[in-house]
Each structure stands twice: as C-alpha cells, then as structure tokens.
Amino acid sequence: MLVSAKEMLIKAKEGHYAVGQFNINNLEWTKAILLTAQECNSPVILGVSEGAGKYMCGYNTIVGMVNGMLETLGITVPVALHLDHGSYEGALKCIEAGFSSVMFDGSHYPIAENIAKTTELVKLTGEKGISLEAEVGAIGGEEDGVIGAGECADPNECKMIADLGVTMLAAGIGNIHGKYPANWPGLSFETLQAVSEKVGKMPLVLHGGTGIPADQIKKAISLGVSKINVNTECQLAFAEATRKYIEAGKDLEGKGFDPRKLLAPGTEAIKATVKEKMELFGSVGMA
Ligand code: 13P
C-alpha cells in the first residue's frame, strides 16, 4: 500500500539520513526502483513530473501500475507516490487519482500567491493524509520545460511557507536540475543553515541530486536535508547501458531484438544507480 512521505521523512530527519526520490518514466524504471528499495530495505519515494505523467497515460494509469507492482512484487518497504514540481491543477488531479504525496511548486509566483495556493493544498492534502511538498526559491536548470535560475531561498519566506503546515520544504540553495556546470560554486550551506534554523523540525528537500559531490550531500543531510531527488543520473545510466547494448550488436543477434532484452541492461543500470544513492543517503536498512 502506498504511504504518505510524512512518517518516513520525520524518521529520516531524526535519524540523520535522507530518503531518495527517484523519478519514474515507465514500467521498467518503476520496477527497478521498487525492487532496489526492497533489496536495500529502504523507504523510497517515486517521483512523477507532469510531463512523465502525460507520457505514462495519466495519473490514474500510474496509480494502477504502482499499486499492482507493490502487490505482485511483494514490496513491504514504505513507498510514496509523489507528484514532482506540480502545478496547482496537477496537484488536485493527483490527489484525486490516489497519489500519496504531492509537490506544489509555487516558487515562480509572488510569495503571497504561493502562500494562498499552498494554504489551500495544506487543507486538501491534510483531509486525505497525503504529504505535501512546497518550494521556495527556484531550483536552477530546466525540468520538463520549467526553468529556474538556481536562486537561494529567503529563510524568512521558508518559515512563512513551513508554518502553513506543509510536510516538507524544498528550499533553493544553489542546486540545479541536470548536470552541474564546471563553474558551479557548490551548494550554499550558509543558506541551508539559515533555513534550517528558521524551520526547525521540518524535513528539507534537496532537488537536483545528480552530480552533487558526496561530501556536499553528507553535509546537506547533517544540516537537515531528509529527501533528495534524483532523475538525470538514472537517465544517463539507462541511456549509456542501452547504447552499449545496441552498439555491441546484441539487439540483432538471436532473440536480442526482444524488447524485454533490449531494456534489461538499462534497467539493471538504474538498479545500480539507485542502490548507490541509497547507500550514500544512508537510507539502507531504515525501512
Ligand atoms: P536531477 O535531474 O538533477 O537529478 O534532479 C532531479 C529533481 O530534482 C527532480 O525534482
């Protein structure tokens, strides 16, 4: 059964580790992530962007697929199905469809509008026991057409949004979706420290988990980050493994043209990436 991300993130914050959010794009990715979480005895969050939602034939299809897998694969670790960077309307649709967690990304609105819309969603998600992530300070880079400049959040605005009763808060601390440029100055721990002091026990979310050096990940966790989002790294691993398989000509040999065989190396690569992240985040054995 899908669960809200609330309990797993409170435990993570208290235990000084982070739960990974891995974005899903299709059946293979979903299965790979769920099996790895089970093998690692780790809680996990499946992230769905609005673009991926459309690709996978809508939120109802995704809820059906994930619930079916939880049962058929015998998954017993806590799993949250989470809308990533949702619009207000997208969040409403996911709540309706049976997601157990949603993010409302109001970071591009003026703070008053972000507060008004977040307040509405706090009420709606609260009634259904669904966790809610809010964002302050745009995350840099591009994700599904949403472009952010990578600004640092204002700690006072973070407190205003946290006080509305959201479950977890994504605060921009110089993090960027996708690959980091060579001249990236690194995470702003000064901002993270200031946000952490303002929001107290509220679990903080680090987006753009791909390519952040391990020491910075560990420091971010020590300063209150309890959820880390990873997408690009799984994409790169999947693409690279598939490319190698095709270049080796294996797809043309014997039964290699079988789509299940073609997608298998990429799926294994995602499993390895997810396992490596769970070890780095410290969530192995925490289910
Ligand atoms: P990356 O694509 O940089 O791993 O970021 C993922 C993310 O933050 C999803 O919200």
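Values reported hereafter were calculated over all heavy atoms of this structure, with side chains retained and with hydrogens, waters and symmetry mates removed. Here, residue 1 is the first one in the sequence, and each next residue gets the next number.
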Fill in: E133/K227 salt bridge by N-O under 4.0 Å criterion
yes
Worksheet item: How far does CG of D84 sit from NE2 of H177, to the nearest 0.5 angstrom?
Response: 6.5 Å
Worksheet entry | Salt bridge present between E50 and K54 (N-O < 4.0 angstrom) | no
Worksheet item: Can you tell if the side chain of K31 reaches within under 4.5 Å of the side chain of T267, non-hydrogen atoms only?
Response: no
Worksheet entry | Face-on cation placement of K117 at Y109 ring, 6.0 Å and 45° thresholds | yes
Worksheet item: How far apart are the closest heavy atoms of A220 and L192, and which atoms are they?
Response: CA-CD2, 3.7 Å
Worksheet entry | side-chain contact (heavy atoms from CB on, under 4.5 Å) assessment of L46 paired with L2 | CA-CA 10 Å; L46 302 176; L2 288 169; 5.6 Å; no
Worksheet, complete the sentence: To the nearest 0.5 Å, atom CD1 of I212 lies from atom CD1 of I176 at 9.5 Å
Fill in: Transitive ILVMFWY side-chain link L236 to I270, under 4.5 Å
no
Worksheet item: Roughly how far apart are L124 CG and E96 CD, rounded to 0.5 Å?
Response: 10.0 Å
Worksheet item: Are K11 and E14 within salt-bridge range, i.e. N to O under 4.0 Å?
Response: no
Distance-only donor-acceptor hits, side chain of residues 278-285, under 3.5 Å, sequence neighbours excluded:
unit_1, atom_1, unit_2, atom_2, d
S283, OG, S42, OG, 2.7

Worksheet item: Got a sec: does the CD of E71 have more than 12 other heavy atoms crowding it under 6.0 Å?
Response: no
Worksheet item: Quick one: are V205 and Q21 in side-chain contact, heavy atoms under 4.5 Å?
Response: no
Response to the item:
Heavy-atom nearest pair, L263 first then F238, reads CD2-CZ, 3.8 Å
Discussion item. Restricting to side-chain hydrogen bond (donor to acceptor under 3.5 Å, both in side chains), what partner residues turn up for E240, sequence neighbours left out?
Written reply: R243
Worksheet entry | Closest non-hydrogen atom pair, T36 against A32 | OG1-O, 2.6 Å
Worksheet item: Can L223 be reached from I221 by stepping across I, L, V, M, F, W or Y side chains whose heavy atoms are under 4.5 Å apart?
Response: yes
Response to the item:
Distance col, row C158:SG vs I173:CD1, nearest 0.5 angstrom, shows 10.0 Å
Worksheet item: For Q38, what residues pass the side chain to side chain contact (heavy atoms under 4.5 Å, CB included) criterion, not counting sequence neighbours?
Response: I75, T76, V77
Item to complete: Look at the side-chain heavy atoms of Ile, Leu, Val, Met, Phe, Trp and Tyr, link any pair under 4.5 Å apart, and say whether L70 and V274 land in one connected group.
Response: yes
Practice prompt. Check side chain to side chain contact (heavy atoms under 4.5 Å, CB included) between K6 and all other residues, then give those that pass, not counting sequence neighbours.
Written response: S4, I10, T167
Item to complete: Begin from the C-alpha positions of H207 and N229 and carry the test side chain to side chain donor-acceptor pair (under 3.5 Å) through to its verdict.
Response: CA-CA 5 Å; H207 283 248; N229 295 3; 3.0 Å; yes
Discussion item. If hydrophobic clusters are built from ILVMFWY residues whose side chains come within less than 4.5 Å, do M103 and I45 share one?
Written reply: no
Practice prompt. Give the intermediate values and the outcome of salt bridge (charged side-chain N to carboxylate O under 4.0 Å, His left out) for residues K277 and E233.
Written response: CA-CA 10 Å; K277 293 294 159 195; E233 205 157 328; 3.1 Å; yes
Practice prompt. Name all pairs fulfilling the side-chain hydrogen bond (donor to acceptor under 3.5 Å, both in side chains) condition that reach into residues 182-194, sequence neighbours left out, sorted by first residue then second.
Written response: S188-T191, Q193-E197
Discussion item. Give me the atom names and distance for the closest heavy-atom approach of A153 to V136.
Written reply: CB-O, 3.3 Å
Practice prompt. Answer yes or no: are there more than 12 heavy-atom neighbours, outside Q216 itself, under 6.0 Å from its atom CD?
Written response: yes
Worksheet item: Taking Y59 for the side chain and L83 for the main chain, is one N or O donor matched with an acceptor at less than 3.5 Å?
Response: no
Worksheet, complete the sentence: So CD1 of I62 and CG of N67: to nearest 0.5 Å the spacing works out to 12.0 Å
Discussion item. Using only atom types and a distance under 3.5 Å, with no angle test, would you say the side chain of S100 pairs donor to acceptor with the backbone of L81?
Written reply: yes
Item to complete: Specify the closest pair of heavy atoms between F99 and I130, including all atoms of both residues, with the distance to one decimal.
Response: O-CD1, 3.6 Å
Worksheet item: Got a sec, which pairs hit salt bridge (Lys or Arg N to Asp or Glu O under 4.0 Å) with one end in residues 158-177, sequence neighbours left out?
Response: K159-D163
Fill in: Stepwise side-chain contact (heavy atoms from CB on, under 4.5 Å) test for M69 and L27
CA-CA 9 Å; M69 279 192 196; L27 181 143; 3.5 Å; yes
Worksheet item: Within 45° of the ring axis of F189 and under 6.0 Å from its six-membered ring centre, is that where the NZ or CZ of K219 lies?
Response: yes
Discussion item. For a quick test of reading the model, state the closest non-hydrogen atom pair linking V102 to A91 and the distance between them.
Written reply: CG1-O, 4.1 Å
Worksheet item: Is the backbone N or O of V122 less than 3.5 Å from a side-chain atom of T125, with the two atoms forming a donor-acceptor pair by type?
Response: yes
Worksheet item: Only one of E157, E135, H85 clears side chain to side chain donor-acceptor pair (under 3.5 Å) with S107; which?
Response: E135
Worksheet entry | Value rounded to 0.5 Å, distance of SG in C234 from CG in N25 | 9.0 Å
